[in-house]
Amino acid sequence: MGTASNLKHAAVSFLVPLPSILFYLYFINHYKTSTVDGTTLSPFWSWCVDHPLLLVNALFFFNVNVLFWIISQIQKSHWMIDLYWTVIPMLLVYYYATYPLAQYNLWRSRIVIALTWIWSLRLTHNYFRREKWQWGVREDWRFTDMRGQYGKHWWWISFFSVYASQQMFLVGICLPFYIVHSVYKPLDVWDFVAVAVCLCGIVIAYFADTQLHEFVTRNDKLKELGKPTVPNLDRGLWGYSRHPNYFGEQLWWWGLVVFAWNLGHGWAFVGAFVNSMCLAYVTVLVEQRMLKQEYRAEAYRLYQKTTSVWIPWFRSSAFARKDKDT
């Protein structure tokens with residue numbers, strides 16, 4: 001990718017959330033001004049104040065579903081939604097924290113915001129490291145597969161399968177942010193349990209993605225040298241789980257659910273649950289893709305038989321014998 005194209009994609013990425021950000025800043029300023037002046041809000045602004053969840057869904061629909069989709073049609077790629085998975089939760093946590101009717105424990109809010117920053121920076125770093133520090137290099141391989149599957153109908157199907165579906169996932173898994181900023185309750189031991197779960201998830205995902213990146217990098221170098229590549233990553237965390245990065249990511253989201261549950265809103269688990277079910281399906285797709293690659297199919301079948309899918313656990317004796325033999 002050329003420098004000009006890279007800069008263009010970077011500029012688009014920074015500019016694309018501005019409609020929602022500017023609208024929200026104007027809304028907050030308008031609310032504060034009316035409160036100071038004692039003036040009555042119009043029905044529209046009153047609706048915005050009273051319906052934070054509906055408003056955030058409306059902003060997501062027009063700014064992400066519609067605008068991102070239009071840009072994807074122009075660029076012929078859906079790369080940007082992958083990047084914004086690391087950004088949208090950050091925008092949402094600040095949205096809920098600054099909402100006019102928000103009420104919360106200040107320290108719990110600060111803790112959750114700090115954790116979200118750590119999570120977002122970790123995932124953003126991994127995204128750009130994987131893309132070799134470039135913007136818009138490629139879209140998710142699943143979108144590429146669907147593009148081939150749906151052919152000429154992909155342009156309109158992508159609106160629902162790529163963007164409308166992301167609204168359900170992202171708004172849903174971020175519901176704990178809403179709960180944290182809707183209920184006042186002093187900090188207690190369960191908040192620290194939630195922090196521990198979240199941090200464990202972030203750390204596991206970081207090391208799993210780093211080990212995967214190093215594995216891919218080594219294989220790329222072996223290819224350049226004309227040497228045979230290693231068919232499968234089965235060391236480090238990957239020796240205890242076939243998808244430790246997925247496991248770490250799920251720990252993060254379920255750690256946020258603990259915050260919401262502790263505040264009396266256990267129903268907020270629904271977003272994390274749907275996301276986990278979706279990731280279970282993605283796991284099946286990823287493993288089917290691995291088995292279609294002839295050079296690694298046999299090694300991966302053995303890997304499946306001897307190594308846990310998600311939750312890290314000790315490898316079976318069959319794998320231990322294989323290690324000993326080799």
Side-chain angles (χ1 to χ4, degrees), residues 13-28 31 47-68 80-106 108-124 127 162-183 194-195 197-198 201-202 205 249-261 263 265 267-276 278-279:
S13 297
F14 280 110
L15 292 173
V16 74
L18 284 182
S20 287
I21 293 173
L22 294 176
F23 174 88
Y24 184 68
L25 291 176
Y26 179 81
F27 161 56
I28 293 297
Y31 175 81
W47 180 89
C48 290
V49 171
D50 294 334
H51 300 90
L53 288 177
L54 291 178
L55 177 59
V56 79
N57 274 281
L59 292 175
F60 196 110
F61 179 82
F62 289 108
N63 203 153
V64 178
N65 295 2
V66 176
L67 184 56
F68 276 39
M80 200 158 53
I81 191 64
D82 203 18
L83 170 62
Y84 263 85
W85 254 90
T86 74
V87 177
I88 290 173
M90 283 298 310
L91 297 176
L92 289 175
V93 75
Y94 278 106
Y95 169 87
Y96 292 126
T98 57
Y99 209 77
L101 302 184
Q103 54 178 340
Y104 49 87
N105 178 281
L106 182 59
R108 181 180 291 111
S109 173
R110 286 175 174 174
I111 289 169
V112 169
I113 289 173
L115 287 170
T116 309
W117 267 106
I118 296 169
W119 169 85
S120 180
L121 289 172
R122 199 261 346 148
L123 195 59
T124 302
Y127 172 84
V162 177
Y163 300 100
S165 62
Q166 302 291 343
Q167 178 168 354
M168 177 180 67
F169 293 135
L170 279 165
V171 175
I173 56 178
C174 291
L175 283 173
F177 294 154
Y178 169 68
I179 302 302
V180 165
H181 294 100
S182 299
V183 178
V195 170
V197 175
C198 287
I202 293 170
E249 186 71 3
Q250 291 309 295
L251 270 186
W252 154 255
W253 293 115
W254 283 97
L256 294 179
V257 170
V258 176
F259 280 111
W261 169 81
L263 294 172
H265 292 271
W267 59 268
F269 86 96
V270 64
F273 176 77
V274 171
N275 188 57
S276 293
C278 177
L279 203 54

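The CG atom of Leu67 sits 10.5 Å away from atom CG of Leu15, with the distance rounded to the nearest 0.5 Å. Atom-to-atom distance recorded for Leu83:CG and Thr124:OG1 is 6.5 Å, nearest 0.5 angstrom. Taken to the nearest 0.5 Å, the SG atom of Cys198 stands 12.5 Å off from the CH2 atom of Trp254. With values rounded to the nearest 0.5 angstrom, Ile202 atom CD1 is found 5.5 Å from Ile118 atom CD1. Leu279 contributes atom CG, which lies 8.0 Å from atom CD of Glu249 (distance to the nearest 0.5 angstrom). The distance from the CE atom of Met90 to the SG atom of Cys174 is 10.5 Å, given to the nearest 0.5 Å.
Closest of all the heavy-atom pairs between Ala268 and Leu175 is CB-CB, 4.2 Å. Residues Pro89 and Thr86 approach most closely at CD-C, 4.3 Å, considering heavy atoms. Nearest approach of Phe177 to His181, heavy atoms of both residues: O-ND1, 2.8 Å. Minimum heavy-atom separation, Ile28 to Pro100: CD1-CD, 3.7 Å. Across every non-hydrogen atom of Leu263 and Val180, the tightest pair is CD1-CA, 3.7 Å.
With a 4.5 Å cut-off on side-chain heavy atoms, Leu123 and Trp119 count as touching. Residues Tyr163 and Phe61 have side chains not in contact (no heavy-atom distance under 4.5 Å, counting atoms from C-beta outward). By the 4.5 Å heavy-atom criterion applied to side chains, Val87 and Pro17 are not counted as neighbours. The shortest distance between side-chain heavy atoms of Leu101 and Tyr31 falls below 4.5 Å. Residues Asn65 and Gln166 form no side-chain contact, since every pair of their non-hydrogen atoms from C-beta on lies 4.5 Å or further apart. Counting heavy atoms from C-beta on, the side chains of Ile179 and Phe259 never come closer than 4.5 Å. With a 4.5 Å cut-off on side-chain heavy atoms, Leu115 and Trp252 count as touching.
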_Test side-chain contact (heavy atoms from CB on, under 4.5 Å) on Val64 and Ile81; report intermediate values, then the result._
CA-CA 8 Å; Val64 178; Ile81 191 64; 4.0 Å; yes
_Determine whether Thr98 and Tyr24 satisfy the following criterion, side-chain hydrogen bond (donor to acceptor under 3.5 Å, both in side chains), listing intermediate values before the conclusion._
CA-CA 10 Å; Thr98 57; Tyr24 184 68; 3.0 Å; yes
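Judged purely by atom type and a 3.5 angstrom limit, Tyr84 uses its side chain to pair as donor or acceptor with the backbone of Ser13. Asn63 places a side-chain N or O within donor-acceptor distance of the main-chain N or O of Ser20, the cut-off being under 3.5 Å. A donor-acceptor pair under 3.5 Å is formed between the side chain of Tyr104 and the backbone N or O of Ala97. No side-chain donor-acceptor contact under 3.5 Å links Ser120 to the backbone of Thr116.
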Name the atoms and distances for all side-chain donor-acceptor pairs under 3.5 Å in residues 51-60, with sequence neighbours left out.
from: His51; atom 1: ND1; to: Trp47; atom 2: O; distance (Å): 2.9
from: Asn57; atom 1: OD1; to: Gln167; atom 2: NE2; distance (Å): 2.9
from: Asn57; atom 1: ND2; to: Leu53; atom 2: O; distance (Å): 2.8

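Between Trp267 and His265, the ring planes lie perpendicular to each other; the angle is over 60°, past the 30° to 60° tilted range.
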